[in-house]
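Let me begin by presenting the structure, written as structure tokens, before commenting on it.
Note that ligands are numbered from 1 as they come in the structure, with each ligand's atoms numbered from 1 the same way.
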Amino acid sequence: MSKIYNVGVIGGGVSGVVIALELAKYGVDTVLFEQRESVVNGPPFCHLHAGGNLYPDISDEQCKVLMKQSIEMARLFPQSIDKRPTFISVPKTAKYDLDKIKNRLNMLVDYYETLIDEDPLNEILGAPKDYYKTYSKADLEALSEQPTHKNPKTSDEWLSNTIKLIDYEKLKTPVILVQEYGWNLFRLAAQAQLALDKTNQCELNINTTVTNIKDVRNENLDYNWEINTEKDVYKVNYLVNSCGFKTGIFDESLHFATERLIEFKAAYVSKWQPISGLIPELIFHGERGTPNGMVQLTPYSDDYYQIHGMTKDVTLFENGLVKSKSKLTQPKFDKAITQKLNDGWEAEEIKTRTESAITSVTKFVPSFQSAIVGGPPLFGAQQIPGDDPNLRVGEVQFPSEFYARSEIVKASSAITVANQIINQIQYKGIVPLIAEQTNQNELLEEVSKVEIDELASKLASQRGYPEALSRLVIPQE
Ligand SMILES: Cc1cc2nc3c(=O)[nH]c(=O)nc-3n(C[C@H](O)[C@H](O)[C@H](O)COP(=O)(O)OP(=O)(O)OC[C@H]3O[C@@H](n4cnc5c(N)ncnc54)[C@H](O)[C@@H]3O)c2cc1C
């Protein structure tokens, strides 16, 4: 009789790999399928949302969850975290109330303290008292007179570098510097892939598309599902659907109803002239979907910068947000978006959209006008469970017995999903009770920095991006 796996995971995005690695850590026999040539190769991520400060409209509860989950993910993947702060500002044209933002930051400082009380290793965002700092107009004027620091260390040094480049007359004051860090997807992909390659507990099948799933739960067999690929059939007891924006395809074929949105978005790679000191990530808030939508400038190594702009001509797309026709069907993108997802972008559109992205930054950073196209866009589609496009924390659903569907909206939720699935498979008796659950993952810890450097660089190049995107601005030991 052919092998029966405890768990079959479909989709090797951040969610699928974290689930598979956490299962492997506890010795649960798992098989993971990824249709592409390497793992974590779907929609991009660049920001560790450790407090949700990019989203003034979300609830305090979502901010706290994002902080907790981000800390947990940073502990698992320290080599992917770029420890530079984020500059948060509200342009005079934007509606957001700075007092409300400050109250929320104070709430987050208290919450961060409780996380550190629970476990001192949670202190990955620096000391709680330094989590954020505000700067008045007078502070900005004084800092603009300070020398530039090539490698800034303190909040004031980061801000003094920044303020000389920004037209701060356009911004409300105070402005804020917060310890939300960068998150390098190539480095996370490399660490995950290397850890999966090293373990015998998880069989990783890349370049393998799952074509069909057969539900055999009522057929009195020793297993519950048959996973079909082009070449083989795999028998598994428990099925995890972590297909990202495509989770609805298998839900549809298995008749599991749910409401969901899918959204296509892109971020642009630009190259600027060398500047004399490092800068934080820059956020200029604005109302999503309007011509004044938020602008986000994310620094990478070697003068590369990634740009998001929450307007229709930059990050968002006409018909980019789609709802399912019924609760039983997978939502579908139109032809133009499907073509981008399947075949990539036309050179002309890369140029036009990257140039629009650069222009959106020059509103606040005038000298950024000298930036040029630095590479192809980072793009992809993501799922949003339910019908609220502003939801930032999605986790996992168990719509039927022995079946889990990962519904993460932010990459940081992957670890929570993994933990919930591990609890569920114990509860369902798929594996015996695990004596002690831990936050560490030895499989990930065994991967060295040198190995990550090497594979991350290879992955960036293989995927058509500048190799510099695989390096951290603030290298870690
Ligand atoms: C432009 C943009 C910017 C973003 N920025 C951030 C950010 O800064 N921070 C953050 O936390 N989040 C960010 N996100 C969200 C983040 O990218 C997603 O939450 C995350 O990548 C989703 O991971 P996932 O594993 O659920 O899905 P995916 O990454 O989509 O993984 C699903 C995988 O399943 C595979 N698959 C699908 N069908 C099959 C099949 N039949 N057989 C085999 N394999 C299959 C796919 O190839 C894919 O690799 C951003 C998203 C976008 C679009």
Side-chain angles (χ1 to χ4, degrees), residues 8-20 31-50 52 54-55 66 69-70 73-74 77 80-82 86 180-185 188-189 192-193 204-213 227-230 234 240-250 253 262-269 281 283 296 298 306-310 314-317 320-321 330 337 340-342 357 377-385 391-396 405-415 417-418:
V9 181
I10 312 173
V14 63
S15 183
V17 298
V18 171
I19 294 164
V31 56
L32 170 63
F33 303 91
E34 170 51 48
Q35 65 191 8
R36 304 188 77 173
E37 63 285 4
S38 53
V39 297
V40 193
N41 201 350
F45 49 88
C46 65
H47 188 91
L48 187 73
H49 292 280
L54 267 49
Y55 305 113
L66 284 170
Q69 294 179 335
S70 295
M73 286 294 276
F77 296 96
S80 67
I81 306 299
D82 214 342
T86 298
E180 282 197 2
Y181 297 148
W183 200 4
N184 191 294
L185 81 92
L188 185 143
Q193 180 136 348
L204 169 63
N205 294 298
I206 50 169
N207 290 314
T208 307
T209 302
V210 172
T211 49
N212 183 40
I213 294 168
I227 299 177
N228 292 265
T229 67
E230 268 152 23
Y234 295 78
V240 177
N241 178 352
S242 61
C243 289
F245 82 98
K246 293 182 175 170
T247 52
I249 295 177
F250 292 122
S253 72
I262 56 172
E263 184 168 33
F264 179 83
K265 290 188 297 184
Y268 301 86
V269 179
E281 175 162 287
I283 302 293
Q296 175 182 2
T298 309
Q306 188 186 328
I307 309 166
H308 287 79
M310 291 301 152
V314 182
T315 288
L316 309 176
F317 288 76
L321 182 67
Q330 159 76 3
I337 290 180
K340 282 194 187 63
L341 280 165
N342 294 342
L378 290 142
F379 65 95
Q382 64 184 112
Q383 65 176 327
I384 306 170
L391 182 77
R392 296 291 170 245
V393 180
E395 293 177 353
V396 61
R405 176 176 60 237
S406 169
E407 298 186 336
I408 66 171
V409 179
K410 289 291 159 199
S412 41
S413 302
I415 181 65
V417 170

**OP:** Go through the steps for V40 and Q193 under the test side chain to side chain contact (heavy atoms under 4.5 Å, CB included), then give the verdict.
**Re:** CA-CA 9 Å; V40 193; Q193 180 136 348; over 6 Å; no
Please list, in number order, the atoms of ligand 1 under 4.0 Å from a heavy atom of [X].
X: P43; answer: 17 (O), 21 (O), 28 (P), 29 (O), 30 (O), 53 (C)
X: G244; answer: 26 (O), 27 (O), 30 (O), 32 (C)
X: S15; answer: 24 (P), 25 (O), 26 (O)
X: K410; answer: 10 (C), 11 (O), 12 (N), 13 (C), 19 (O)
X: F250; answer: 41 (N)
X: H49; answer: 7 (C), 8 (O), 9 (N), 10 (C), 11 (O)
X: R36; answer: 47 (O)
X: C46; answer: 7 (C), 8 (O)

Subject >> From CA spacing to verdict: side chain to side chain contact (heavy atoms under 4.5 Å, CB included), I384, L321 >> reply: CA-CA 10 Å; I384 306 170; L321 182 67; 4.3 Å; yes
Quick one: does [X] get an N or O within less than 3.5 Å of an N or O on ligand 1?
X: I10; value: no
X: A381; value: no
X: F45; value: no
X: A411; value: yes
X: P44; value: yes
X: H308; value: no

Donor-acceptor contact present, side-chain [X] to main-chain [Y], <3.5 Å:
X: T208; Y: F33; value: no
X: S70; Y: S412; value: no
X: Q306; Y: P377; value: no

Subject >> For atom 44 (N) of ligand 1, the option (of Q296, Q35, Q306) bearing the nearest heavy atom >> reply: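 Looking at heavy atoms only, Q35 sits closest to atom 44 (N) of ligand 1.
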Specify the protein heavy atom at minimum distance from [atom]: its residue, its atom name, and the distance to 0.1 Å.
atom: atom 41 (N) of ligand 1; value: V210 O, 3.0 Å
atom: atom 31 (O) of ligand 1; value: G13 CA, 3.3 Å
atom: atom 18 (C) of ligand 1; value: V409 O, 3.8 Å

Original post:
What is the ring orientation for F317 with F264, classed by angle as parallel under 30°, tilted 30 to 60°, or perpendicular over 60°?
Top reply: perpendicular
**OP:** Quick one: pull up CH2 in W183 and CG in L48 and give me the separation to the nearest 0.5 Å.
**Re:** 5.5 Å
[Y] versus [X], side-chain donor and acceptor atoms under 3.5 Å:
X: S413; Y: E395; result: no
X: S406; Y: S15; result: yes
X: Q383; Y: T247; result: yes

**OP:** With side chain to side chain contact (heavy atoms under 4.5 Å, CB included) as the test, would you mind laying out the steps for T315 and Q296 before giving the verdict?
**Re:** CA-CA 10 Å; T315 288; Q296 175 182 2; over 6 Å; no
